[in-house]
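Position 1 is the first residue of the sequence; numbering continues from there. Just so it is clear, the values below take in all heavy atoms, side chains as well, and ignore hydrogens, waters and symmetry mates.
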Amino acid sequence: MIIVTGSPRAGTSLLMQSLKIFGLPIEGAKFHEDFPIVEGNPKGYYDIPFQEQIDAAKNGGFGDKYEGKVVKLFGESLLLADPSIVTHIVICKRRDTGAQDRSCMKLIKQEREFDNDSEIRHNLIDILKDVTLEQLAYRRDAYAKMIESFLNHWSGYSMDVYLEDMIYNTVATLTELQDFFDAGGKKELEKAIKNVGD
(Lines give C-alpha, C1' and ligand atoms only; values in the text may rest on other atoms or scores of the structure.)
Protein backbone atom coordinates (compact mmCIF):
# COMPACT_ATOMS: atom_id res chain seq x y z
CA MET A 1 0.00 0.00 0.00
CA ILE A 2 1.12 3.53 -0.79
CA ILE A 3 -0.27 6.19 1.53
CA VAL A 4 -0.79 9.85 0.72
CA THR A 5 -1.41 11.80 3.92
CA GLY A 6 -1.16 15.24 5.47
CA SER A 7 -3.95 17.54 6.56
CA PRO A 8 -6.81 19.04 4.53
CA ARG A 9 -5.89 21.64 1.89
CA ALA A 10 -2.21 20.64 1.88
CA GLY A 11 -2.19 19.29 -1.67
CA THR A 12 -3.21 15.66 -1.11
CA SER A 13 -5.70 15.72 -4.00
CA LEU A 14 -3.16 17.24 -6.38
CA LEU A 15 -0.71 14.55 -5.28
CA MET A 16 -3.27 11.82 -5.96
CA GLN A 17 -3.98 13.29 -9.41
CA SER A 18 -0.25 13.27 -10.18
CA LEU A 19 0.21 9.65 -9.08
CA LYS A 20 -2.80 8.62 -11.17
CA ILE A 21 -1.21 10.30 -14.21
CA PHE A 22 2.03 8.41 -13.46
CA GLY A 23 0.01 5.18 -13.77
CA LEU A 24 -0.17 4.14 -10.12
CA PRO A 25 -3.36 2.31 -9.05
CA ILE A 26 -5.47 4.85 -7.16
CA GLU A 27 -8.06 3.72 -4.59
CA GLY A 28 -10.88 6.22 -4.10
CA ALA A 29 -13.36 8.04 -6.28
CA LYS A 30 -12.67 11.25 -8.15
CA PHE A 31 -15.93 12.59 -6.68
CA HIS A 32 -18.61 11.02 -4.49
CA GLU A 33 -21.46 12.13 -2.25
CA ASP A 34 -19.19 12.77 0.76
CA PHE A 35 -17.23 15.38 -1.23
CA PRO A 36 -19.70 16.91 -3.68
CA ILE A 37 -18.16 20.40 -3.81
CA VAL A 38 -16.47 20.18 -7.20
CA GLU A 39 -15.14 23.74 -6.90
CA GLY A 40 -12.98 22.66 -3.95
CA ASN A 41 -10.95 20.35 -6.19
CA PRO A 42 -12.33 20.44 -9.76
CA LYS A 43 -9.88 17.76 -10.98
CA GLY A 44 -10.89 15.29 -8.28
CA TYR A 45 -10.35 14.42 -4.63
CA TYR A 46 -9.70 10.66 -4.87
CA ASP A 47 -10.83 10.16 -1.29
CA ILE A 48 -12.16 6.92 0.15
CA PRO A 49 -15.85 7.39 1.08
CA PHE A 50 -16.50 7.86 4.80
CA GLN A 51 -18.57 4.67 5.02
CA GLU A 52 -15.65 2.65 3.67
CA GLN A 53 -13.41 4.26 6.31
CA ILE A 54 -15.94 3.45 9.02
CA ASP A 55 -16.16 -0.15 7.78
CA ALA A 56 -12.37 -0.41 7.82
CA ALA A 57 -12.34 0.79 11.44
CA LYS A 58 -14.90 -1.86 12.39
CA ASN A 59 -13.13 -4.64 10.49
CA GLY A 60 -9.55 -4.28 11.68
CA GLY A 61 -8.29 -1.45 9.47
CA PHE A 62 -6.97 -0.99 5.96
CA GLY A 63 -5.48 -4.36 5.08
CA ASP A 64 -5.04 -6.75 2.15
CA LYS A 65 -7.80 -5.19 0.01
CA TYR A 66 -5.60 -2.10 -0.33
CA GLU A 67 -2.27 -3.82 -0.90
CA GLY A 68 -0.49 -2.38 -3.93
CA LYS A 69 -2.91 0.59 -4.14
CA VAL A 70 -2.46 4.30 -3.50
CA VAL A 71 -4.75 5.38 -0.66
CA LYS A 72 -5.31 8.85 0.77
CA LEU A 73 -5.66 8.61 4.56
CA PHE A 74 -6.03 11.46 7.04
CA GLY A 75 -5.69 11.48 10.81
CA GLU A 76 -7.30 8.55 12.60
CA SER A 77 -7.75 6.68 9.31
CA LEU A 78 -3.97 6.66 8.82
CA LEU A 79 -3.60 4.82 12.12
CA LEU A 80 -5.89 2.07 10.75
CA ALA A 81 -3.43 1.16 7.97
CA ASP A 82 -1.62 -2.16 8.30
CA PRO A 83 2.05 -1.08 8.45
CA SER A 84 3.23 -4.45 7.15
CA ILE A 85 1.78 -3.76 3.67
CA VAL A 86 2.74 -0.07 3.47
CA THR A 87 5.74 0.45 1.18
CA HIS A 88 5.72 4.23 0.66
CA ILE A 89 4.24 7.28 2.37
CA VAL A 90 3.99 10.76 0.89
CA ILE A 91 3.29 13.49 3.44
CA CYS A 92 1.72 16.60 1.95
CA LYS A 93 2.49 19.86 3.72
CA ARG A 94 2.18 23.61 3.34
CA ARG A 95 4.72 26.16 4.47
CA ASP A 96 1.98 28.80 4.78
CA THR A 97 -0.26 27.10 7.33
CA GLY A 98 -2.32 30.27 7.77
CA ALA A 99 -3.29 30.14 4.09
CA GLN A 100 -4.03 26.44 4.52
CA ASP A 101 -6.40 27.09 7.43
CA ARG A 102 -8.15 29.93 5.56
CA SER A 103 -8.59 27.61 2.56
CA CYS A 104 -10.17 25.03 4.90
CA MET A 105 -12.57 27.66 6.24
CA LYS A 106 -13.57 28.64 2.69
CA LEU A 107 -14.25 25.01 1.78
CA ILE A 108 -16.20 24.42 5.00
CA LYS A 109 -18.39 27.44 4.14
CA GLN A 110 -19.09 25.91 0.71
CA GLU A 111 -19.78 22.53 2.31
CA ARG A 112 -22.34 24.04 4.72
CA GLU A 113 -24.24 25.58 1.79
CA PHE A 114 -24.57 22.24 -0.01
CA ASP A 115 -27.10 19.63 1.05
CA ASN A 116 -27.62 16.01 0.07
CA ASP A 117 -29.05 12.81 1.56
CA SER A 118 -25.86 11.43 3.10
CA GLU A 119 -26.34 10.94 6.86
CA ILE A 120 -22.57 10.77 7.40
CA ARG A 121 -22.17 14.06 5.55
CA HIS A 122 -24.93 15.68 7.63
CA ASN A 123 -23.07 14.63 10.79
CA LEU A 124 -19.81 16.04 9.43
CA ILE A 125 -21.43 19.37 8.54
CA ASP A 126 -22.96 19.48 12.01
CA ILE A 127 -19.50 19.03 13.55
CA LEU A 128 -18.00 21.73 11.30
CA LYS A 129 -20.76 24.32 11.67
CA ASP A 130 -19.01 26.38 14.37
CA VAL A 131 -15.36 25.51 13.69
CA THR A 132 -12.79 28.28 14.20
CA LEU A 133 -9.36 28.95 12.73
CA GLU A 134 -7.83 28.03 16.09
CA GLN A 135 -9.58 24.66 16.05
CA LEU A 136 -8.38 24.01 12.51
CA ALA A 137 -4.79 24.79 13.56
CA TYR A 138 -5.17 22.43 16.53
CA ARG A 139 -6.51 19.70 14.24
CA ARG A 140 -3.64 20.22 11.78
CA ASP A 141 -1.15 19.78 14.63
CA ALA A 142 -3.00 16.65 15.78
CA TYR A 143 -2.74 15.19 12.27
CA ALA A 144 1.02 15.88 12.28
CA LYS A 145 1.34 13.97 15.58
CA MET A 146 -0.62 11.01 14.18
CA ILE A 147 1.67 10.91 11.14
CA GLU A 148 4.73 11.01 13.39
CA SER A 149 3.27 8.21 15.50
CA PHE A 150 2.71 6.04 12.43
CA LEU A 151 6.21 6.72 11.09
CA ASN A 152 7.71 5.77 14.46
CA HIS A 153 6.21 2.26 14.14
CA TRP A 154 6.93 1.70 10.47
CA SER A 155 9.95 1.31 8.25
CA GLY A 156 9.75 2.11 4.57
CA TYR A 157 10.16 4.98 2.14
CA SER A 158 8.71 8.37 2.99
CA MET A 159 8.78 11.72 1.23
CA ASP A 160 7.55 15.19 2.20
CA VAL A 161 5.95 17.23 -0.59
CA TYR A 162 5.09 20.89 -0.07
CA LEU A 163 2.17 22.34 -2.01
CA GLU A 164 4.19 25.50 -2.68
CA ASP A 165 6.87 23.35 -4.38
CA MET A 166 4.24 21.56 -6.47
CA ILE A 167 2.98 24.95 -7.69
CA TYR A 168 6.14 27.03 -7.99
CA ASN A 169 8.82 24.37 -8.58
CA THR A 170 6.63 21.95 -10.48
CA VAL A 171 9.10 20.23 -12.79
CA ALA A 172 11.68 19.44 -10.11
CA THR A 173 9.05 18.35 -7.57
CA LEU A 174 7.17 16.08 -9.96
CA THR A 175 10.44 14.64 -11.29
CA GLU A 176 11.49 13.82 -7.72
CA LEU A 177 8.08 12.27 -7.07
CA GLN A 178 8.29 10.22 -10.27
CA ASP A 179 11.77 8.99 -9.31
CA PHE A 180 10.55 8.13 -5.80
CA PHE A 181 8.00 5.72 -7.29
CA ASP A 182 9.95 4.79 -10.43
CA ALA A 183 6.69 5.33 -12.30
CA GLY A 184 5.63 6.79 -15.62
CA GLY A 185 7.82 8.28 -18.29
CA LYS A 186 8.43 11.57 -20.04
CA LYS A 187 4.91 11.75 -21.48
CA GLU A 188 3.32 11.17 -18.07
CA LEU A 189 5.61 13.76 -16.50
CA GLU A 190 4.53 16.32 -19.11
CA LYS A 191 0.84 15.51 -18.42
CA ALA A 192 1.36 15.87 -14.66
CA ILE A 193 3.10 19.23 -15.16
CA LYS A 194 0.20 20.40 -17.34
CA ASN A 195 -2.29 19.20 -14.71
CA VAL A 196 -0.63 21.40 -12.07
CA GLY A 197 -0.50 24.39 -14.41
CA ASP A 198 -4.10 24.20 -15.65
Side-chain angles (χ1 to χ4, degrees), residues 1-32 34-49 66 68-75 77-78 81 86-111 114 133 136-137 139-140 143-144 147 150-151 156-198:
M1 184 191 316
I2 294 166
I3 294 175
V4 171
T5 190
S7 56
R9 311 309 286 171
T12 55
S13 296
L14 182 58
L15 206 295
M16 293 292 280
Q17 294 161 23
S18 301
L19 297 186
K20 183 172 176 50
I21 291 167
F22 290 158
L24 294 169
I26 302 297
E27 183 74 24
K30 183 174 182 177
F31 298 107
H32 53 74
D34 293 340
F35 298 97
I37 309 298
V38 173
E39 296 82 7
N41 266 317
K43 297 174 189 171
Y45 290 88
Y46 298 100
D47 280 87
I48 295 176
Y66 303 91
K69 306 265 181 80
V70 181
V71 183
K72 188 199 301 188
L73 298 176
F74 290 118
S77 292
L78 171 64
V86 177
T87 59
H88 297 72
I89 296 178
V90 179
I91 304 150
C92 296
K93 299 180 176 183
R94 280 180 82 161
R95 291 187 177 88
D96 188 345
T97 55
Q100 180 179 352
D101 295 342
R102 290 189 298 276
S103 180
C104 282
M105 289 297 280
K106 181 180 175 184
L107 187 59
I108 288 167
K109 183 176 184 291
Q110 290 175 320
E111 296 277 2
F114 189 95
L133 281 170
L136 285 175
R139 190 70 179 152
R140 182 172 26 80
Y143 278 17
I147 293 167
F150 188 90
L151 293 176
Y157 300 100
S158 67
M159 177 181 179
D160 293 347
V161 176
Y162 286 88
L163 179 61
E164 291 89 346
D165 292 340
M166 286 285 280
I167 295 169
Y168 301 114
N169 196 11
T170 309
V171 175
T173 304
L174 287 173
T175 300
E176 185 180 356
L177 192 61
Q178 195 175 42
D179 290 346
F180 182 66
F181 289 107
D182 192 22
K186 185 178 178 183
K187 188 163 74 170
E188 288 77 17
L189 179 61
E190 288 170 357
K191 283 184 185 176
I193 293 166
K194 186 176 187 310
N195 182 63
V196 173
D198 286 347

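Between Asp101 and Leu136, the shortest heavy-atom distance links the atoms O-CD1, 3.6 Å. Across every non-hydrogen atom of Thr5 and Thr12, the tightest pair is O-CG2, 3.6 Å. Of all heavy-atom pairs between Gly68 and Pro25, the closest is O-CG, 3.1 Å. When every heavy atom of Tyr66 is checked against every heavy atom of Val71, the shortest pair comes out as CD2-CG2, 3.9 Å. For the pair Gln100 and Ser7, the tightest heavy-atom approach, listed with the atom from each and the gap, is NE2-OG, 2.7 Å. Across every non-hydrogen atom of Ser103 and Arg94, the tightest pair is CB-NH1, 4.1 Å.
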(Q) For a side-chain contact (heavy atoms from CB on, under 4.5 Å) check, start with the C-alpha distance between Leu73 and Ile48, then their side-chain angles and the critical distance, and finish with the verdict. (A) CA-CA 8 Å; Leu73 298 176; Ile48 295 176; 4.3 Å; yes
Q: Could you walk me through whether Asn41 and Leu107 pass the side-chain contact (heavy atoms from CB on, under 4.5 Å) test, one step at a time?
A: CA-CA 10 Å; Asn41 266 317; Leu107 187 59; over 6 Å; no
Q) Step by step, would you call Ile89 with Ile147 a side-chain contact (heavy atoms from CB on, under 4.5 Å)? A) CA-CA 10 Å; Ile89 296 178; Ile147 293 167; 5.7 Å; no
Q) Between Cys92 and Leu163, does a side-chain contact (heavy atoms from CB on, under 4.5 Å) hold up when you go through it step by step? A) CA-CA 7 Å; Cys92 296; Leu163 179 61; over 6 Å; no
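In this structure, the side chains of Arg102 and Lys106 stay at 4.5 Å or more apart for every pair of heavy atoms. Using a 4.5 Å heavy-atom threshold, the side chains of Leu15 and Leu177 count as touching. Looking at Ser18 and Met166, their side chains come closer than 4.5 Å, going by heavy atoms from C-beta outward.
Rounded to the nearest 0.5 Å, atoms OG1 (Thr175) and CG (Leu189) are 4.5 Å apart. Distance CG/Leu133 to CZ/Arg140: 9.5 Å, rounded to 0.5 Å. For the atom pair CZ of Phe22 and CD of Gln17, the computed distance is 12.0 Å after rounding to the nearest 0.5 Å. Ile26 contributes atom CD1, which lies 10.5 Å from atom NZ of Lys69 (distance to the nearest 0.5 angstrom). How far OH of Tyr162 is from CD1 of Ile91: 9.5 Å, rounded to the nearest 0.5 Å.
Judged purely by distance below 3.5 Å, without hydrogens or angles, the side chains of Ser77 and Lys72 never pair a donor atom with an acceptor atom.
Not one N or O on the side chain of Lys20 forms a donor-acceptor pair closer than 3.5 Å with the backbone of Tyr46. Looking only at distances, a side-chain donor or acceptor of Thr173 sits under 3.5 Å from a matching main-chain atom of Asp165. Not one N or O on the side chain of Thr87 forms a donor-acceptor pair closer than 3.5 Å with the backbone of Ile2. The closest donor-acceptor contact from the side chain of Gln178 to the backbone of Ala183 lies under 3.5 Å.
Heavy atoms from other residues, nucleotides or ligands lying under 6.0 Å from CG of Asp198 number more than 12. By the neighbour-count criterion of 12 heavy atoms within 6.0 Å, atom CZ of Phe180 is densely surrounded, having more than that number from other residues, nucleotides or ligands.
For Phe74, the ring pair (Phe, Tyr, Trp, His ring centres under 6.0 Å) test picks out no residue, with sequence neighbours left out. Taking Glu188 as the reference, nothing meets the side-chain hydrogen bond (donor to acceptor under 3.5 Å, both in side chains) condition, with sequence neighbours excluded. Judged as a side-chain hydrogen bond (donor to acceptor under 3.5 Å, both in side chains), and not counting sequence neighbours, the contacts of Asp160 are Lys93.
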